[in-house]
Amino acid sequence: MLKAQQYYMQEALKEAYKAFQDDEVPVGAVIVHNNQIIARGYNQIERLKDPTAHAEIIAITSAANYLGTKWLLQASLYVTIEPCSMCAGALVLARIKNLYFGASDPKTGACGSVVNIVNHKKLNHRIQVTKGILQAECSSLLKDFFKKKRNKI
């Protein structure tokens, strides 16, 4: 299973590289259902002028359209960084089964780092979370992006 997790995270990293090339914060996501990638997304906040255009939200919308349902009960999300509170909330509402993320986010992470929305005891759905998949690669891409940004100033 670990090999499959790495493969899917590599696919999420490919999406993150698209964001990097577009000068967006490089976050990428894929959603897997029945061992098949059914949706992809990467940050498009600047391009779309939309604060909700996070990789996870774009992937969730695409997966729901693909499956023709609002609930992604047997699906897994692979994302390069720990989801924020908005995305974590959307994952709960979508009833995602598994969340795999690469790098933790100590500033805005809502899956255990700052708060834990995906497994809050008062919510009606809980998500199985696995962190640290290809952590070094995911973290490095983000660090490179922000280093590039600082050097432009």
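Computed from a predicted structure; not experimentally measured.
- With hydrogens and angles disregarded, no donor-acceptor distance shorter than 3.5 Å links the side chain of Glu46 to the backbone of Asp23.
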Task: Derivation of the side-chain contact (heavy atoms from CB on, under 4.5 Å) call for Leu134 and Gln10 - done: CA-CA 8 Å; Leu134 300 182; Gln10 286 171 340; 3.5 Å; yes

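- Residue Ala63 comes nearest to Ile38 through the heavy atom pair CB-CD1, 3.8 Å, listed as atom of the first residue, atom of the second, then distance.
- Note that CG of Asn116 and OG of Ser85 are 12.0 Å apart. Values are rounded to the nearest 0.5 Å.
- Between Glu11 and Arg40, at least one side-chain N (NZ, or NE/NH1/NH2) sits under 4.0 Å from a carboxylate O, which counts as a salt bridge.
- Annotation: the span from Cys87 atom SG to Ile60 atom CD1 amounts to 6.5 Å, rounded to 0.5 Å.
- The side-chain hydrogen bond (donor to acceptor under 3.5 Å, both in side chains) contacts involving residues 49-64 comprise Asp50-Thr52, where partners must be two or more places apart or lie in separate chains.
- With rounding to the nearest 0.5 angstrom, the CD1 atom of Ile133 is 4.0 Å from the CD atom of Gln5.
- Without hydrogens or angle criteria, Glu24 side chain to Ile45 main chain gives a donor-acceptor distance under 3.5 Å.
- With Tyr8 contributing its side chain and Asn35 its backbone, the two residues share a donor-acceptor pair below 3.5 Å.
- Val115 and Leu93 fall into different hydrophobic clusters, where Ile, Leu, Val, Met, Phe, Trp and Tyr side chains are chained together by heavy-atom contacts under 4.5 Å.
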Task: CA sep, side-chain torsions, deciding dist, call: Tyr78, Val32, side-chain contact (heavy atoms from CB on, under 4.5 Å) - done: CA-CA 8 Å; Tyr78 290 80; Val32 176; 3.8 Å; yes

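- Contact record, Pro83 with Leu91: CG-CD1, 4.0 Å, taken as the closest heavy-atom pair.
- Note that OG of Ser113 and NZ of Lys131 are 6.0 Å apart. Values are rounded to the nearest 0.5 Å.
- Distance alone, capped at 3.5 Å, is enough to place a donor-acceptor pair between the Thr69 side chain and the Trp71 backbone.
- Applying the salt bridge (charged side-chain N to carboxylate O under 4.0 Å, His left out) criterion to Lys18, with sequence neighbours excluded, gives Glu15.
- The distance from atom CG of Asn98 to atom CG of Leu77, rounded to the nearest 0.5 Å, is 10.0 Å.
- Remark: side-chain polar atoms of Glu137 are not paired, donor with acceptor, to backbone N or O of Leu13 under 3.5 angstrom.
- Arg126 contributes a side-chain N or O that, together with a main-chain N or O of Lys121, makes up a donor-acceptor pair within less than 3.5 Å.
- In terms of modelled atom types and a separation under 3.5 Å, the side chain of Asn119 and the main chain of Ile127 share a donor-acceptor contact.
- Under a 3.5 Å cut-off, the side chain of Asn34 and the backbone N or O of Gln36 do not form any donor-acceptor pair.
- Following chains of ILVMFWY side-chain contacts shorter than 4.5 Å, one cannot reach Ile96 starting from Met86, and the two form parts of different hydrophobic clusters.
- Hydrophobic clustering, with ILVMFWY side chains joined whenever heavy atoms are under 4.5 angstrom apart, groups Ile37 together with Ile31.
- Note: the hydrophobic cluster containing Val118 does not contain Ile57 (ILVMFWY, side chain heavy atoms under 4.5 Å, direct or indirect links).
- Figure legend: cation-pi geometry between Lys148 and Phe20, with NZ or CZ positioned under 6.0 Å from the six-membered ring centre and within 45° of its axis.
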TODO: Check step by step if side-chain contact (heavy atoms from CB on, under 4.5 Å) holds for Asn124 and Arg95.
DONE: CA-CA 9 Å; Asn124 64 349; Arg95 309 265 198 289; 3.3 Å; yes

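- Linking ILVMFWY side-chain heavy atoms closer than 4.5 Å, directly or via other members, places Val79 and Tyr7 in a single hydrophobic cluster.
- The closest donor-acceptor contact from the side chain of Gln135 to the backbone of Gly102 lies at 3.5 Å or more, if one exists at all.
- Rounding to the nearest 0.5 Å places OH of Tyr42 at 15.0 Å from NZ of Lys14.
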